[in-house]
Amino acid sequence: MSAAWAFQRATDGGGAWDDFLNALNAFYRRALTLPPQASTIARDIDGLHYFEITIMFAAAGLIAVVALYFVVRYRRRPGRDPTPRIVAPHWFEMVLYAGLLGLFVLFWVIGFRQYIDLSAPPDSAVDVYVTAKQWMWEFAYPEGPASAGVLYVPAGRPVRLHLTSRDVIHSFFVPDFRIKRDAVPGMYTTAWFQANAPGTHQILCTEMCGVGHSQMLARVVVLRPADFETFLLRRAPAATPTSGRDATPNAPPARGAPLAVIGRAAAARHGCLGCHSIDGTRRTGPSWLGLFGSTQLMADGERIRVTPAYITESMMDPQRRIVAGYPPVMPSFMGQISPAETAAIIEYMRSLADGIPDAEATRP
Amino acid sequence: MADATLHLRDHYEDLAKQTHAARLGMWVFIGSEALLFAALFALYAAYRIAYPASFRAAAAHTNLFLGTAMTFVLITSSLLMANAVLSARLARPGRSVGFLAGTAGLGIIFLGLKAVEYTEHFRDGIFPGAFYAFARLPAPGARVFFTLYYFMTGLHALHVAGGVVLLAWLARRAHRGGFTPEYHTPLELGGMYWHFVDVVWIFLWPLFYLLR
Amino acid sequence: MSTTTTPPASPGTRRIDYLNVETTIRSWLTTTDHKRIGILFLIMTTAALALGGVFALLLRLELLTPGGTFMDAMSYNRLFTLHGVVMVWLFLIPSIPGAFGNFLLPLMLGARDVAFPRLNLASVYIYAIGAVVVLAGAVLGGADTGWTFYPPYSTHTPTAVVPVLLGVFILGISSTITGLNFIVTTHTLRTEGMTWLRIPLFVWAVYATSIILVIATPVLGMTLLLIILDHAFRLGIFDPALGGDPILFQHLFWFYSHPAVYIMILPAMGVMSETVSAFAHKNIFSYNAIVIATLGIAFVGFLTWGHHMFTAGMSVFDSGAFGILSMFVAIFSAIKVFTWVSTLYKGSIALDAPMLYFFGFLFLFSFGGMTGVAVASMSLDVYWHDTYFVVAHFHFIMVGGSMMGFLAALHYWFPKMFGRMFPARSSTVAAVLVITGFILTFTPQFWLGNAGMPRRYYSYPDRFQTLNVISTVGSWAITAGLVLIGAYLLYALRWGARSGPNPWGSLGFEWNTPSPPPPHNYEEPPVITHQPHEYWRTAE
């Protein structure tokens with residue numbers, strides 16, 4: 001435990017002890033060929049890695065040394081047979097195995113805590129919608145820009161990714177950030193990270209997805225916060241060097257309308273607005289005004305918070321959970337609304353979350 | 001007794017041990033078969049949680065009368081099967097053959113009812129998977145329900161059909177005097193299999209007909 | 001009771017054993033003798049090992065350079081899928097139970113045969129049919145999904161997944177029958193005095209394996225059948241476009257495939273328990289601990305499947321539960337390693353080939369097992385999942401564990417099976433080649449995984465090349481070792497020195513009969529009065 005905790009502390013202070021930990025970190029990272037620690041969580045996870053690998057090497061070494069010693073000491077010689085009867089003392093076995101179990105559980109406690117961290121994005125995070133398809137990554141921002149092959153994010157701010165896939169299962173992996181999350185068709189999964197500093201990092205697909213699997217690469221470009229604001233205002237940032245094997249060259253991000261505006265158009269095109277008002281009037285379905293993020297009573301008595309996951313589910317499988325008091329008549333839009341449109345519609349609903357009618361969403 | 005030892009294979013010490021092995025083998029086989037269906041019950045449970053309303057509506061659309069009739073047919077057949085084993089034990093091979101024939105007959109009636117039911121669904125346009133075309137119960141929930149319905153009842157029907165063949169073989173063997181009070185292990189094992197198939201249906205019946 | 005089809009041996013002629021009692025091809029193809037069935041499985045699974053090994057060599061050769069080396073991406077994807085399918089279902093799962101389990105289980109229990117000999121013969125043919133169907137699928141275009149067959153990719157791929165899956169389905173029937181047979185044999189055919197706590201540890205291992213086989217295989221069968229029907233008729237039970245949930249497939253698949261890992265490793269552990277006490281001439285340090293650990297693995301192994309899905313979108317709570325259960329299952333393996341090492345204490349250790357594989361197993365399996373604990377630490381799994389770290393981890397278990405077990409068994413019981421010895425020096429050279437080759441091949445893959453190289457990558461960034469080259473060179477050393485083993489064992493079959501009934505001085509019950517054993521194992525059922533391998537009794 002101490003090792004992982006200590007590494008966490010070492011990131012935010014000076015002093016000789018921290019220098020030592022930094023040197024230790026540098027040594028281990030080189031010895032284990034780990035990539036740079038480019039996200040806030042990377043160093044903690046590596047700390048657990050070092051801790052476990054050290055114990056493993058010690059244990060494997062101990063087994064090897066003891067076994068070797070026995071081989072030399074008790075090799076077969078005349079007079080060695082018959083061997084004495086030796087049976088394990090129970091107390092010894094119990095103590096040993098209880099100790100080992102304690103160690104394993106300690107590994108689990110640290111790992112689980114970090115897993116919870118990895119699974120719980122801060123509320124203040126920047127949202128990005130990630131759509132995987134054979135064999136490329138597309139990124140869409142609530143504010144409008146969209147890009148393929150390059151994910152632009154700000155340094156020093158948490159970024160929450162909403163992942164989905166258009167075809168088969170893919171997996172979003174950024175080694176430098178120590179994060180990985182599957183992109184599954186028909187559902188949204190989330191991942192988050194906070195990049196430490198501006199720079200470029202590789203994205204790889206880690207779920208076998210066909211002939212182009214190993215070419216399904218992309219990049220995260222971490223921008224200074226100011227540059228990111230500029231990017232969101234659709235002024236492309238200064239070109240960053242490319243690695244040459246990405247799905248697309250480092251083109252400036254596509255200039256698009258804000259995602260919420262795209263969402264409004266999509267909602268109109270697919271006929272959503274025929275049943276869902278955007279000004280609070282009650283029609284066949286619940287009004288979208290103030291719906292996003294609210295807690296709703298379902299027909300089966302359950303209370304549910306309206307999240308992107310619930311909205312996606314309601315588009316793809318409307319009958320699964322119906323808001324109480326409304327008829328179960330909505331058809332499924334599975335296969336009709338693209339993941340990008342789903343993301344846009346969710347953004348549109350989010351823009352209506354604070355109860356201020358539509359004019360707010362159309363503001364550029 | 002001399003007759004019974006003819007059935008003893010030379011790697012067993014005595015017939016009791018051999019019969020014990022045969023029974024145990026059958027139980028392990030049935031356990032394995034149960035796991036086969038368990039995978040499908042797990043899928044049913046997962047999708048029922050995912051699509052509760054659709055599953056209720058779809059279960060309400062299946063033919064409760066036919067489903068109940070099939071349950072009745074199968075349970076009756078199990079009763080006849082138990083009587084067939086009992087008759088063999090009481091040294092009445094003639095009655096045993098009769099009961100076996102009755103069991104097999106009810107199995108065939110079950111399959112016939114199943115065919116009637118499938119035809120009814122096909123007329124509605126209820127086909128499994130991508131071919132589902134029944135507008136009144138919207139996909140995807142009802143589609144998943146009926147895909148599972150066809151797959152699970154179909155697999156069960158295959159087991160019934162296999163059972164009928166087995167029963168016919170047992171009846172033929174019983175007719176030729178193959179079973180005595182001392183040795184009727186195949187009959188007993190065949191009975192175990194038939195009861196198992198029956199029990200599977202007892203689970204399918206509520207899942208696809210009653211839970212509406 | 002005795003049905004001797006064998007002509008009575010007149011004095012001066014050769015002793016009748018199961019090999020020379022009848023020698024026609026027909027007598028082999030219609031045999032119900034568990035020993036001959038074991039040999040048939042040995043031949044077929046060894047052929048499968050050779051085939052899977054050739055696939056592995058080609059894969060490693062392709063990975064010598066970052067881009068395409070000599071095949072295209074589609075061929076590479078097909079090849080690694082076939083490598084996985086052949087190694088898992090044609091070699092690892094049936095090899096030790098099918099070959100050595102069949103051969104040894106009745107001998108160790110003091111029985112004349114397994115419970116259902118004809119069913120046993122059927123399992124040979126079903127295995128052969130399954131193998132032919134899988135290979136037909138390979139010829140017809142193969143599958144490119146990986147051995148895990150995740151939908152929706154597996155239900156949409158244009159390659160021939162249907163015959164490959166069908167073959168695996170058929171192979172599952174064969175292994176279920178084997179499992180059923182072993183369970184009933186262990187329960188009903190133990191000889192007089194063979195109480196449950198006197199059963200040889202190899203039998204315990206095979207028994208536990210059989211329970212897993214019987215419980216888990218049907219679930220896999222159903223799951224694969226659904227994928228077959230989905231691919232062929234758009235059944236859509238796992239297809240999100242038709243309302244299905246692809247994650248459910250992963251749950252069902254790993255409900256089988258995680259216990260399947262123990263199907264592969266438990267028999268090898270059983271071999272190791274036998275080997276260490278036979279070659280250290282020493283009673284096992286704690287028989288009960290090994291038995292408890294064996295059954296514990298079989299039981300807890302069913303509760304850990306979710307640890308293959310930490311990045312798939314399960315709830316945090318579920319993930320945590322699967323994480324800690326995975327830690328529990330690791331304890332049982334640790335118990336075994338500790339017990340084996342302690343068994344060496346004050347033994348009389350002979351370094352024959354089986355013992356070299358024991359030490360290879362001990363070290364490689366320990367390391368593989370401990371990396372397993374590391375992978376079960378959930379945040380680390382998020383990083384390592386589907387990278388080469390995991391590839392290295394399970395090859396340490398599967399090759400470093402199961403294959404070492406297979407080779408140890410092959411050398412330990414070769415004299416039992418054929419009555420001849422293999423050349424000692426060649427066997428030492430081969431063992432050293434295989435073990436060092438193994439370390440050379442798979443250790444670099446840990447570093448590759450740490451550096452972030454995903455698995456199933458046809459091409460990779462240049463920075464990963466050095467480690468890949470080392471790994472490829474290592475695969476050549478393993479191959480050289482395995483070819484050498486094949487050569488000297490074939491030589492020894494005919495020209496090896498006669499071994500006598502018990503060349504290792506082992507107290508395992510299977511050595512109570514002559515080697516090779518007579519057709520019916522024991523003329524009179526043996527009476528067992530104590531546990532196997534109680535070497536201290538030889539002083540009395």
Side-chain angles (χ1 to χ4, degrees), chain A residues 32-35 45 48-49 52 56 59-60 63-64 66-67 70-71 74-76 80-88 93 96-97 100-101 104-105 107-108 111-112 114-116 118-119 168-169 171 173 175 178 180-182 184-186 189 204 206-211 213-214 245 334-335, chain C residues 73-74 77 145-146 150 152-153 240-241 246-247 281-283 285-286 289 311-313 316 319-320 323-324 327 330-331 334-335 338 341 344-350 359 362-363 366-367 370 373-374 377-380 382-383 385-386 447 450-452 454 456-460 535-536 538-539:
Chain A
L32 298 173
T33 66
L34 284 165
I45 292 178
L48 178 61
H49 188 166
E52 294 198 11
M56 274 163 45
I63 290 169
V66 171
F70 284 163
V71 168
Y74 302 115
R75 66 187 179 278
R76 188 166 296 171
R80 179 75 73 207
D81 286 303
T83 54
R85 175 172 189 263
I86 295 170
V87 179
E93 285 186 296
L96 183 79
Y97 302 144
L100 267 178
L101 189 63
F104 289 176
V105 169
F107 289 164
W108 175 78
F112 189 38
Q114 293 179 348
Y115 185 78
I116 292 171
L118 280 168
S119 308
V168 301
I169 301 178
S171 194
F173 179 36
R178 311 288 190 271
K180 184 180 292 131
R181 199 68 170 168
D182 291 2
V184 185
T189 52
L204 305 116
T206 50
E207 189 60 64
M208 172 60 198
C209 58
V211 71
H213 173 51
S214 63
R245 293 191 82 142
M334 177 81 74
Chain C
M74 195 59 172
N77 291 353
T145 58
Y150 275 17
Y153 187 66
I247 304 295
H281 278 183
K282 183 82 191 318
N283 69 306
F285 185 60
S286 180
T311 67
V316 173
S319 304
I324 195 153
M327 293 296 183
I331 276 292
I335 290 176
F338 173 74
V341 174
L344 296 173
Y345 175 64
K346 294 202 173 174
S348 167
I349 301 167
F359 284 112
L362 191 69
F363 188 69
S366 302
F367 208 78
M370 284 186 287
V373 171
S377 308
M378 308 171 64
S379 57
L380 287 173
V382 169
Y383 183 61
H385 181 72
D386 274 341
W447 278 302
N450 274 347
R456 295 172 175 171
Y457 260 34
Y458 162 70
S459 59
Y460 53 83
Y535 288 90
W536 46 275
T538 52

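What you see is a predicted model; the values in this text were computed from it and never measured. Quick note on labels: first sequence line is chain A, next is B, and so on, each numbered from 1.
- Residues C/G347 and A/R80 share a closest heavy-atom pair of O-CD, 3.1 Å.
- Applying the salt bridge (charged side-chain N to carboxylate O under 4.0 Å, His left out) criterion to A/R178, with sequence neighbours excluded, gives A/D46.
- In plain terms, the two heavy atoms of A/V211 and C/M74 that are nearest each other are CG2-N, 3.6 Å.
- Contacts with chain C were tallied for A/I86, A/V168, A/T206; A/I86 has the most, counting heavy-atom pairs under 4.5 Å.
- A distance of 5.5 Å separates OH of C/Y383 from CG of A/L34, quoted to the nearest 0.5 Å.
- From A/F70, atom CZ reaches atom NZ of C/K282 across 8.5 Å, with rounding to the nearest 0.5 Å.
- Contacts with chain C were tallied for A/I45, A/D81, A/L100; A/D81 has the most, counting heavy-atom pairs under 4.5 Å.
- Chosen from C/A289, C/P152, C/G146, the residue pairing most often with chain A at heavy-atom distances under 4.5 Å is C/P152.
- Considering CZ of C/F359 and CD1 of A/I63, their distance stands at 12.5 Å, rounded to 0.5 Å.
- With rounding to the nearest 0.5 angstrom, the OH atom of A/Y115 is 7.5 Å from the OG1 atom of C/T311.
- At a threshold of 4.5 Å between non-hydrogen side-chain atoms, the residues C/D386 and A/E207 count as touching.
- Residue C/Y345 touches chain A through both its backbone and its side chain, counting heavy-atom pairs closer than 4.5 Å.
- Here C/S348 is the residue among C/S348, C/S319, C/P454, C/A451 with the most heavy-atom pairs under 4.5 Å with chain A.
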> After noting the C-alpha distance and the side-chain angles of A/M208 and C/N77, does the key distance pass the side-chain contact (heavy atoms from CB on, under 4.5 Å) rule?
Replying inline: CA-CA 9 Å; A/M208 172 60 198; C/N77 291 353; 3.3 Å; yes

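- Nearest heavy atoms, A/F104 versus C/A330: CE1-CB, 3.7 Å.
- Only the side chain of A/F173 comes within less than 4.5 Å of a heavy atom in chain C; its backbone stays farther off.
- In this structure, the side chain of A/K180 engages the main chain of C/H385 through a donor-acceptor pair within 3.5 Å.
- Using a 3.5 Å distance cut-off with no hydrogens or angles, the side chains of A/T33 and C/N450 do not pair a donor with an acceptor.
- Interface remark: of the candidates C/S286, C/A334, C/S366, C/P246, C/S286 forms the most heavy-atom pairs closer than 4.5 Å to chain A.
- Residues C/R456 and A/H213 bring no donor and acceptor atom of their side chains to less than 3.5 Å of each other.
- Looking at A/W108, its side chain does come within 3.5 Å of a backbone N or O of C/G320 through a donor-acceptor pair.
- Counting heavy-atom pairs closer than 4.5 Å to chain C, the top-ranked of the candidates A/T189, A/V87, A/L101 is A/L101.
- Between the side chain of A/S214 and the backbone N or O of C/S459 there is at least one donor-acceptor pair closer than 3.5 Å.
- Evaluation of the ring-ring contact (aromatic ring centres under 6.0 Å, His included) rule for C/Y150 yields no partner, not counting sequence neighbours.
- Heavy-atom distances place the side chain of A/L118, and not its backbone, under 4.5 Å from chain C.
- Closest heavy-atom contact between A/Q114 and C/S379: OE1-OG, 2.5 Å.
- Between chain C and the residues A/G186, A/A59, A/G210, A/S171, the most heavy-atom pairs under 4.5 angstrom are made by A/G210.
- A pairwise comparison of heavy atoms in A/D182 and C/A312 identifies OD2-CA, 3.4 Å as the closest pair.
- Between A/L204 and C/G452 the shortest heavy-atom distance is CD1-O, 3.9 Å.
- Between chain A and the options C/N283, C/I324, C/I247, C/V316, heavy-atom pairs under 4.5 Å are most frequent for C/I324.
- Under the 3.5 Å distance criterion, the side-chain polar atoms of C/S377 are left unmatched by any main-chain donor or acceptor of A/G111.
- Note that CZ of C/F285 and CZ of A/R85 are 11.5 Å apart. Values are rounded to the nearest 0.5 Å.
- Put simply, CG on C/L344 and OG1 on A/T83 are 11.5 Å apart, with the number rounded to the nearest 0.5 Å.
- For A/V184, the part lying under 4.5 angstrom from a heavy atom of chain C is the side chain only.
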